[in-house]
*Asks:* 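This structure is in structure tokens; I'll ask about it shortly.
Residue numbers start from 1 in every chain, and the chains themselves are labelled A, B, ... in the order their sequence lines are given, proteins ahead of strands.
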Number of protein chains: 2
Amino acid sequence: MRSKPPKKFQYEYPRAALTVDIVVFALDEEELKVMLIQRDLQPYQGQWALPGGFVHVDETLEEAARRELQEETGLKDIFLEQLFTFGEIDRDPRERVVTVAYYALVNLEGHDVQASTDARNAAWFSLNELPDLAFDHATILKAAHERLRGKVRYQPIGFELLPEKFTLTQLQHMYEVILDRELDKRNFRKKVLGMEIVQETDEIEKDVAHRAARLYRFDEKAYERLSKQGFNFEI
Amino acid sequence: MRSKPPKKFQYEYPRAALTVDIVVFALDEEELKVMLIQRDLQPYQGQWALPGGFVHVDETLEEAARRELQEETGLKDIFLEQLFTFGEIDRDPRERVVTVAYYALVNLEGHDVQASTDARNAAWFSLNELPDLAFDHATILKAAHERLRGKVRYQPIGFELLPEKFTLTQLQHMYEVILDRELDKRNFRKKVLGMEIVQETDEIEKDVAHRAARLYRFDEKAYERLSKQGFNFEI
DNA sequence: GCAAAAGTGTTTATGATACACCCATGC
DNA sequence: GCATGGGTGTATCATAAACACTTTTGC
């Protein structure tokens with residue numbers, strides 16, 4: 001065991017440690033996945049946990065979240081939004097640790113996670129087959145999932161889970177997975193096309209063993225316009 | 001100037017200080033008000049600020065918010081919900097301070113604020129006539145207002161701003177103030193009564209110089225039922 | 001030619017909006 | 001009796017929901 005490092009930073013009152021943790025969602029063919037890291041230090045050594053770590057004193061919370069995400073999973077330039085701050089007193093057995101949780105959405109095609117990640121330490125898990133998680137990370141993950149389900153109803157969020165160009169069937173599938181219910185194809189298309197939130201491209205799917213579907217892209221401008229005036233995305 | 005206190009608490013890495021700040025909303029006859037405290041210490045001495053203060057190492061974030069609220073304004077047992085955590089690096093000129101912001105809703109009749117408050121230090125301000133605020137509290141206040149406006153659309157929130165028994169006109173007025181637009185009386189009543197979120201009482205208004213209105217109370221059970229299934233309160 | 005998914009319209013039901021007058025009460 | 005806000009209904013319009021078949025393509 002190595003000797004203890006010096007403790008140079010001194011305060012009049014005790015201070016909680018401050019961390020960030022990130023719930024990274026991605027969309028598989030069939031379901032929502034979340035990225036977990038296997039801990040190689042105590043406490044909870046060997047257990048799976050959300051990516052995250054201590055906030056440096058010279059970086060903002062979001063900067064800390066992005067830095068940890070890149071260090072631990074290789075992911076960068078992704079959609080990231082603050083979720084909630086968890087401050088239960090005993091959530092970390094070592095000492096008082098307050099964590100600011102974020103959630104992130106990525107598309108599996110666009111970001112090469114495996115290449116920059118030690119595969120032994122990071123992996124995607126289906127939300128239905130989660131291992132035991134360290135700390136209160138199961139609680140955080142549940143909160144993130146609920147937020148995503150709730151948010152999708154009144155904001156055009158979620159496109160970050162898809163590749164840049166996608167079929168309407170992919171988009172519908174994404175909503176079905178997030179909302180956990182089936183949607184009617186014709187009504188879904190009417191609604192999505194009607195609110196002009198996607199733009200038709202002149203490309204179609206390739207290498208499929210059936211009629212190839214048209215590809216669409218997300219329309220940034222419509223997004224902006226609709227986001228502001230608190231619109232209704234009930235589908 | 002007093003001598004510096006001892007700094008007994010020592011850490012390997014520098015730590016941010018952790019505070020809570022609370023945006024307390026109340027409903028006046030005419031408009032939304034927010035409670036501010038006049039600071040009697042540096043920095044920003046004499047300026048108005050949100051109630052709040054440092055989180056003790058042995059209390060949760062919500063406990064800290066409730067404690068500060070009671071100490072500074074006398075308010076207790078009120079609706080309180082976490083808003084957002086602000087971690088910009090220079091938001092406090094002294095050192096790195098991360099603050100977990102909450103917002104609260106109170107009804108002016110039910111809670112005697114003045115009695116337990118040093119009137120020189122705490123006061124209600126109209127949202128349209130705010131003084132310059134200390135720190136980044138103007139940003140926090142704006143975020144709280146937006147959250148309230150957004151939340152009211154899809155959750156039956158806001159009843160905390162009214163007394164236990166209220167008239168439908170008071171309820172409508174509350175929504176008009178929060179949403180900042182006029183609502184049609186007949187349509188409003190149809191909608192509110194239709195979703196069975198309020199219960200008729202057998203009491204009526206007193207001491208009014210016109211026909212007395214029936215009093216209603218908020219229906220907890222309907223609230224629970226509707227809250228869960230993410231319902232739509234667009235009015 | 002068949003398997004597999006793409007693509008497309010109409011009808012019905014429900015909820016949102018617009019709108020104006022009589023009623024009860026206190027003074 | 002008049003001023004003040006309380007209380008009520010209907011017609012129209014817009015959006016949501018339900019529902020099935022033809023088309024295209026690869027194999």
Side-chain angles (χ1 to χ4, degrees), chain A residues 27 29-30 152-154 156 162-163 165-177 179-217 222 226 229-235, chain B residues 27-30 152-154 156 162-163 165-177 179 181-217 222 226 229-235:
Chain A
L27 197 63
E29 298 297 302
E30 281 310 309
V152 95
R153 288 164 170 268
Y154 60 96
L162 296 175
K165 294 168 191 166
F166 48 83
T167 68
L168 293 184
T169 300
Q170 281 179 293
L171 183 62
Q172 178 179 343
H173 182 64
M174 182 190 79
Y175 276 97
E176 289 178 333
V177 165
L179 297 174
D180 196 27
R181 63 187 166 95
E182 298 203 340
L183 301 172
D184 179 85
K185 184 160 65 163
R186 280 166 295 185
N187 291 339
F188 180 84
R189 284 166 183 244
K190 234 184 302 173
K191 175 112 189 183
V192 166
L193 295 174
M195 61 175 54
E196 295 180 327
I197 205 171
V198 294
Q199 257 175 357
E200 195 175 308
T201 73
D202 52 7
E203 296 173 62
I204 55 169
E205 263 185 320
K206 280 182 193 164
D207 301 322
V208 286
H210 53 80
R211 175 173 174 183
R214 163 143 271 117
L215 294 176
Y216 291 79
R217 85 174 70 231
L226 290 170
Q229 304 146 25
F231 84 124
N232 191 2
F233 205 70
E234 293 278 350
I235 269 179
Chain B
L27 196 65
D28 202 348
E29 297 296 302
E30 281 309 310
V152 95
R153 288 165 169 269
Y154 60 94
L162 296 176
K165 294 168 191 166
F166 49 83
T167 69
L168 294 182
T169 300
Q170 279 178 294
L171 184 62
Q172 179 179 344
H173 182 64
M174 181 190 80
Y175 276 96
E176 289 178 333
V177 165
L179 297 173
R181 65 188 165 93
E182 298 203 338
L183 301 172
D184 179 84
K185 184 162 62 162
R186 280 166 296 185
N187 292 339
F188 180 84
R189 286 167 182 243
K190 232 183 307 175
K191 174 112 188 184
V192 166
L193 295 175
M195 63 175 53
E196 295 180 327
I197 204 170
V198 293
Q199 256 176 356
E200 196 174 306
T201 73
D202 52 7
E203 294 173 62
I204 55 170
E205 263 185 320
K206 281 183 193 164
D207 302 321
V208 287
H210 52 79
R211 174 172 174 183
R214 164 142 272 116
L215 295 176
Y216 290 78
R217 84 173 71 231
L226 291 170
Q229 304 148 25
F231 84 123
N232 192 2
F233 205 70
E234 296 276 351
I235 267 178

*Asks:* For D:dA16, does OP1 or OP2 lie under 4.0 Å from any side-chain N or O of A:K191?
*Replies:* yes

*Asks:* Using atom CG of A:L171 as one end and atom P of C:dG7 as the other, report the distance to the nearest whole Å.
*Replies:* 13 Å

*Asks:* Quick one: do B:Y154 and A:Y154 satisfy ring pair (Phe, Tyr, Trp, His ring centres under 6.0 Å)? Show the steps, please.
*Replies:* CA-CA 9 Å; B:Y154 60 94; A:Y154 60 96; 4.5 Å; yes

*Asks:* Is any side-chain nitrogen or oxygen of B:R189 closer than 4.0 Å to OP1 or OP2 of D:dG7?
*Replies:*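 Affirmative; the distance criterion is met.
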
*Asks:* Closest nucleotide of DNA chain D for B:N187 versus for B:T169: which of these residues is on the 5' side?
*Replies:*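 Of the two residues, B:T169 wins.
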
*Asks:* Round to the nearest Å and state the distance from A:R186 atom CZ to C:dA5 atom P.
*Replies:*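 These atoms are roughly 17 Å apart.
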
*Asks:* Could you check whether B:E176 pairs with B:R181 (Lys NZ or Arg NE/NH1/NH2 to Asp/Glu carboxylate O, under 4.0 Å)?
*Replies:*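 Not counted as a salt bridge, because no side-chain N and carboxylate O are separated by less than 4.0 Å.
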
*Asks:* Just how far, in rounded Å, is P of C:dT8 from NZ of A:K185?
*Replies:* 10 Å

*Asks:* Nearest nucleotide by nearest heavy atom, which residue falls closer to the 5' end of DNA chain C, A:L193 or A:A209?
*Replies:*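 By nearest-heavy-atom nucleotide position, the 5'-most residue is A:A209.
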
*Asks:* Using atom CZ of A:R214 as one end and atom P of C:dT8 as the other, report the distance to the nearest whole Å.
*Replies:* 9 Å

*Asks:* Looking at A:K165, A:R217, A:R214, which one forms a salt bridge (Lys or Arg N to Asp or Glu O under 4.0 Å) with A:E203?
*Replies:*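 Filter result, single survivor: A:K165.
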
*Asks:* Whole angstroms only, please: what is the CD-C1' distance between A:Q172 and C:dA5?
*Replies:* 12 Å

*Asks:* Could you give the NE2-to-C1' distance, from B:H210 to D:dG5, as a whole number of Å?
*Replies:*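 Distance check: B:H210 NE2 to D:dG5 C1' gives 5 Å.
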
*Asks:* Quick check on DNA chain D: between A:I204 and B:E205, whose nearest nucleotide comes earlier from the 5' end?
*Replies:*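 Here B:E205 is the residue nearer the 5' end.
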
*Asks:* Side-chain donor or acceptor of B:K190 under 3.5 Å from a matching atom on the base of D:dT8?
*Replies:*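 Checked by distance alone, the answer is no.
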
*Asks:* B:L183 has an atom CG; how far is it from atom C1' of C:dA18, in whole Å?
*Replies:* 14 Å

*Asks:* Against B:M174, only a single residue in B:L27, B:L179, B:T169 fulfils side chain to side chain contact (heavy atoms under 4.5 Å, CB included); can you say which?
*Replies:*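 Option passing the side chain to side chain contact (heavy atoms under 4.5 Å, CB included) with B:M174: B:L27.
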
*Asks:* Starting at atom CG of A:D184, determine the distance to atom C1' of D:dT15, rounded to an integer number of angstrom.
*Replies:*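 So the two atoms are 15 Å apart, to the nearest Å.
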
*Asks:* Determine whether a donor-acceptor pair (N or O, by modelled atom type, separation under 3.5 Å) exists between the side chain of A:T167 and the backbone of A:A213.
*Replies:*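 Looks like no, no N/O pair under 3.5 Å.
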
